[in-house]
Colleague: 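Quick one: this structure, given as structure tokens, is what I'll be asking you about.
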Amino acid sequence: MAGLGGYIRIRTKNRHTKGKRMANVGFIGLGVMGAPMALNILKGGHSLSVFDLNPDAVQRLVEAGATACASPKEVGAASEIVVTMLPEPQHVHGAILGKDGVAEGLREGGIVIEMSTIDPQTSQTIGDDLRKRGMNLVDSPVGKTSEHAVTGTLTLMIGGEPDAITKVEPILDCMGNEKYYCGGPGMGHAMKITNNVLATTIMVANTEALALGLKCGLTLEMMQQVMRNTMAWNSQFSTAMPKKGFVGDDSPGFAIRLAAKDVRLACELEEKIGIEPRIGRAGLAALQAAIDAGYGDRDTARLMFMLEEKLGVEARQKPAMAKAS
Ligand code: NAD
């Protein structure tokens with residue numbers, strides 16, 4: 001990619017603040033992911049102005065040294081760079097371009113880093129609008145988990161104009177240690193939606209297959225031992241499920257309502273492009289059933305629990321075994 005040295009991936013280790021230019025940064029959306037990401041920007045030595053609809057989430061960041069703002073517009077007015085980490089496309093659109101949105105406060109030259117999982121069209125529409133106002137948008141949705149948000153080791157999928165990306169790199173480096181330059185505006189979000197429809201439908205497929213095996217009388221350990229050596233092995237099975245569902249934990253994590261949103265956005269995009277989203281629709285139906293049962297705010301691990309309860313089986317490991325797998 002021009003201006004970024006032609007590389008698509010780098011790992012970042014150096015987080016020393018000495019000699020680095022500190023920026024006035026804003027952060028909107030202090031949830032499971034946003035709160036630790038915002039904390040890591042503070043730890044990077046930057047000043048931070050924050051907004052969230054949830055006053056408790058704001059208070060926790062204020063206690064860590066951030067300044068509370070009354071609106072996204074106020075965050076924009078206090079910042080050179082504003083990060084958004086919100087649930088759905090309409091929240092992002094409203095917070096940036098809506099009444100009292102970031103765009104009303106941010107000065108010319110200001111940059112928004114949009115890190116939520118949203119569709120590439122919404123990302124491009126917001127970016128086009130900001131560029132007409134002399135501002136810019138870099139899309140940088142994130143891969144991995146809330147644990148990686150805490151340790152600042154997220155995978156960043158970056159899209160946008162090279163100059164704008166270069167300007168926000170010190171802030172991105174506070175949150176992630178692996179950066180992939182995916183292309184122009186919206187391409188980071190295109191990468192993330194593509195990733196998530198696959199990762200989520202694999203997780204749904206795992207729950208169905210494991211429930212089948214358990215009901216037939218196989219143990220979880222047996223299925224792990226065999227499948228580790230077959231084409232069925234995948235990192236949802238090897239890494240994600242042992243840390244959550246297999247130890248009986250469905251605290252969010254990655255909430256079912258957010259997984260459903262990602263798959264829904266992918267299905268809509270596939271339909272527009274001319275792909276029939278057969279697998280996406282099947283995954284979405286499983287997620288929607290969990291939402292209808294009242295589990296939208298629980299981790300996706302709940303999908304396995306639902307099948308376990310229905311069939312009278314259990315996919316559990318002792319934490320030590322789960323760690324080793
Ligand atoms: P979350 O629901 O825990 O947090 C969202 C936060 O945004 C909440 O604090 C909420 O109060 C706030 N909020 C909602 N609407 C708002 C508005 N209009 N203005 C200001 N604040 C508002 O979600 P999360 O798990 O932190 O995920 C955030 C985004 O990151 C989502 O798009 C999600 O798909 C994506 N994501 C999540 C994970 C994960 O593992 N949780 C991983 C990668 C990407």
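Read the numbers this way: they start at 1 and go in the same order the structure lists the ligands and their atoms.
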Colleague: Below 4.0 Å, non-hydrogen atoms only: which portion of Lys144 touches ligand 1? Side chain, backbone, both or neither.
Modeller: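 Near ligand 1, Lys144 shows its backbone, while the atoms from C-beta on stay back.
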
Colleague: Does the residue Pro252 have a heavy-atom contact with ligand 1, meaning some pair of atoms that are separated by less than 4.0 Å?
Modeller: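 Contact absent.
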
Colleague: Please state which part of Ala95 comes within less than 4.0 Å of ligand 1, counting heavy atoms only: side chain, backbone, both or neither.
Modeller: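 Answer for Ala95: neither.
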
Colleague: Is there side-chain contact between Met37 and Val142, with heavy atoms separated by less than 4.5 Å?
Modeller: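 A side-chain contact exists here, since the closest heavy-atom pair is under 4.5 Å.
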
Colleague: I'd like to know if the side chain of Glu270 and the backbone of Ile275 have a donor-acceptor N/O pair within less than 3.5 Å.
Modeller: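 Not a single qualifying donor-acceptor pair exists.
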
Colleague: Is the side chain of His189 donor-acceptor paired with the backbone N or O of Gly186 at a distance under 3.5 Å, no angle test?
Modeller: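 Judged by distance alone, no pair lies under 3.5 Å.
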
Colleague: Distance-only, no hydrogens or angles: does the Asp100 side chain make a donor-acceptor pair with backbone N or O of Ser71 under 3.5 Å?
Modeller: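 No; judged by distance alone, with no hydrogens or angles, the pair does not exist.
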
Colleague: Is it the side chain, the backbone, both or neither of Val142 that has a heavy atom closer than 4.0 Å to ligand 1?
Modeller: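 The part of Val142 near ligand 1 is both the backbone and the side chain.
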
Colleague: With heavy-atom distances below 4.0 Å as the criterion, list the atoms of ligand 1 near Lys261.
Modeller: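 This gives 31 (C), 32 (O), 33 (C), 34 (O) as the contact atoms.
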
Colleague: Are Met85 and Ile28 grouped together when hydrophobic residues (ILVMFWY) are joined by side-chain heavy atoms under 4.5 angstrom apart?
Modeller: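 In one cluster: no.
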
Colleague: Is the side chain of Asn40 donor-acceptor paired with the backbone N or O of Ala149 at a distance under 3.5 Å, no angle test?
Modeller: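 Present.
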
Colleague: Write out the residue and atom name of the closest protein heavy atom to atom 3 (O) of ligand 1, then the distance separating them to 0.1 Å.
Modeller: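 Among all protein heavy atoms, the one nearest atom 3 (O) of ligand 1 is Val32 N, 3.0 Å.
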
Colleague: If we only count heavy atoms from C-beta on, is the His93 to Ile126 side-chain gap below 4.5 Å?
Modeller: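 In contact.
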
Colleague: Any idea which protein heavy atom is nearest atom 14 (C) of ligand 1, and the distance to it?
Modeller: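 So the nearest neighbour among protein heavy atoms is Pro87 CD, 3.6 Å.
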
Colleague: Measure the distance from atom 10 (C) of ligand 1 to every protein heavy atom, then report the residue, atom name and distance (to 0.1 Å) of the closest one.
Modeller: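 It is Asp52 OD1, 3.5 Å.
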
Colleague: Output the list of atoms in ligand 1 that are nearer than 4.0 Å to some heavy atom of Phe51, sorted by atom number.
Modeller: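 Atoms satisfying the 4.0 Å criterion: 19 (N), 20 (C).
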
Colleague: May I ask you to identify the nearest protein heavy atom to atom 42 (C) of ligand 1, giving residue, atom name and distance to one decimal place in Å?
Modeller: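 Protein heavy atom at minimum distance: Met33 CE, 3.6 Å.
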
Colleague: Using a plain distance cutoff, I'd like to know if Ser116 has any nitrogen or oxygen under 3.5 Å from a nitrogen or oxygen of ligand 1.
Modeller: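 It does not: no N or O of Ser116 is found under 3.5 Å from an N or O of ligand 1.
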
Colleague: Are any of the N/O atoms on Met85, whether in the backbone or the side chain, positioned under 3.5 angstrom from an N/O atom of ligand 1?
Modeller: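 No - when backbone and side-chain N and O of Met85 are compared with those of ligand 1, no distance drops under 3.5 Å.
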
Colleague: Quick one: nearest non-hydrogen protein atom to atom 41 (N) of ligand 1, plus distance?
Modeller: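 Result: Gly253 O, 3.1 Å.
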
Colleague: Any idea which protein heavy atom is nearest atom 4 (O) of ligand 1, and the distance to it?
Modeller: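 So the nearest neighbour among protein heavy atoms is Gly31 CA, 3.2 Å.
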
Colleague: Closest heavy-atom contact between Phe27 and Val75?
Modeller: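 Minimum heavy-atom contact is N-CG1, 3.9 Å.
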
Colleague: Is the side chain of Glu80 donor-acceptor paired with the backbone N or O of Asn24 at a distance under 3.5 Å, no angle test?
Modeller: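 At least one qualifying donor-acceptor pair exists.
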
Colleague: Among protein heavy atoms, which lies nearest atom 36 (N) of ligand 1, and at what distance?
Modeller: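 Sorting protein heavy atoms by distance from atom 36 (N) of ligand 1 puts Thr117 OG1, 4.0 Å first.
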
Colleague: Quick one: does ligand 1 sit under 4.0 Å from the side chain of Gln90, the backbone, both or neither, non-hydrogen atoms only?
Modeller: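 No part of Gln90 is near ligand 1 at this cut-off.
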
Colleague: Below 4.0 Å from ligand 1: does a non-hydrogen atom of Lys192 turn up there or not?
Modeller: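 Contact check Lys192 vs ligand 1: positive.
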
Colleague: Hey, looking at atom 31 (C) of ligand 1, which of Val50, Leu86, Asp56 has the closest heavy atom?
Modeller: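 Of the listed residues, Leu86 has the closest heavy atom.
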
Colleague: Identify the protein heavy atom lying closest to atom 19 (N) of ligand 1, giving its residue, its atom name and the separation to 0.1 Å.
Modeller: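 Scanning the protein heavy atoms, the shortest distance from atom 19 (N) of ligand 1 goes to Leu53 CG, 3.7 Å.
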
Colleague: Test your reading of the model: is there a side-chain donor-acceptor pair from Lys192 to the backbone of Met157, 3.5 Å cut-off?
Modeller: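 Checking the backbone N and O of Met157 against the side chain of Lys192, no donor-acceptor pair under 3.5 Å is found.
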
Colleague: Salt bridge or not between Glu88 and Arg257? Use side-chain N to carboxylate O under 4.0 Å.
Modeller: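 Salt bridge: no.
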
Colleague: With a 4.0 Å cut-off on heavy atoms, is Ala57 touching ligand 1?
Modeller: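 No heavy atom of Ala57 comes that close to ligand 1.
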
Colleague: Under the 3.5 angstrom rule, does the side chain of Asn229 hit a backbone N or O of Gln225 as a donor-acceptor pair?
Modeller: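 Here the side-chain-to-backbone pair exists.
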
Colleague: Hey, is Arg257 touching ligand 1 through its side chain, its backbone, both or neither, going by heavy atoms under 4.0 Å?
Modeller: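 Just the side chain.
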
Colleague: Taking 4.0 angstrom as the limit and counting only heavy atoms of Gly29, give me the atoms of ligand 1 inside it, by number and element.
Modeller: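 Here the atoms of ligand 1 in question are 7 (O).
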
Colleague: For ligand 1, does Leu30 get within less than 4.0 Å through its side chain, its backbone, both, or neither, judged by non-hydrogen atoms?
Modeller: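 Under 4.0 Å from ligand 1, Leu30 contributes backbone atoms alone.
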
Colleague: Show me which atoms of ligand 1 lie under 4.0 Å from any heavy atom of Leu258.
Modeller: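 That gives atoms 23 (O), 24 (P), 25 (O), 27 (O), 33 (C), 34 (O) of ligand 1.
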
Colleague: Quick one, Gln317 and Leu220 - any side-chain contact, counting heavy atoms below 4.5 Å?
Modeller: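 SC-SC contact between Gln317 and Leu220 confirmed.
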
Colleague: Quick check: closest heavy atoms across Gly188 and Asp139, and the distance to 0.1 Å?
Modeller: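 Minimum heavy-atom contact is N-OD2, 2.8 Å.
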
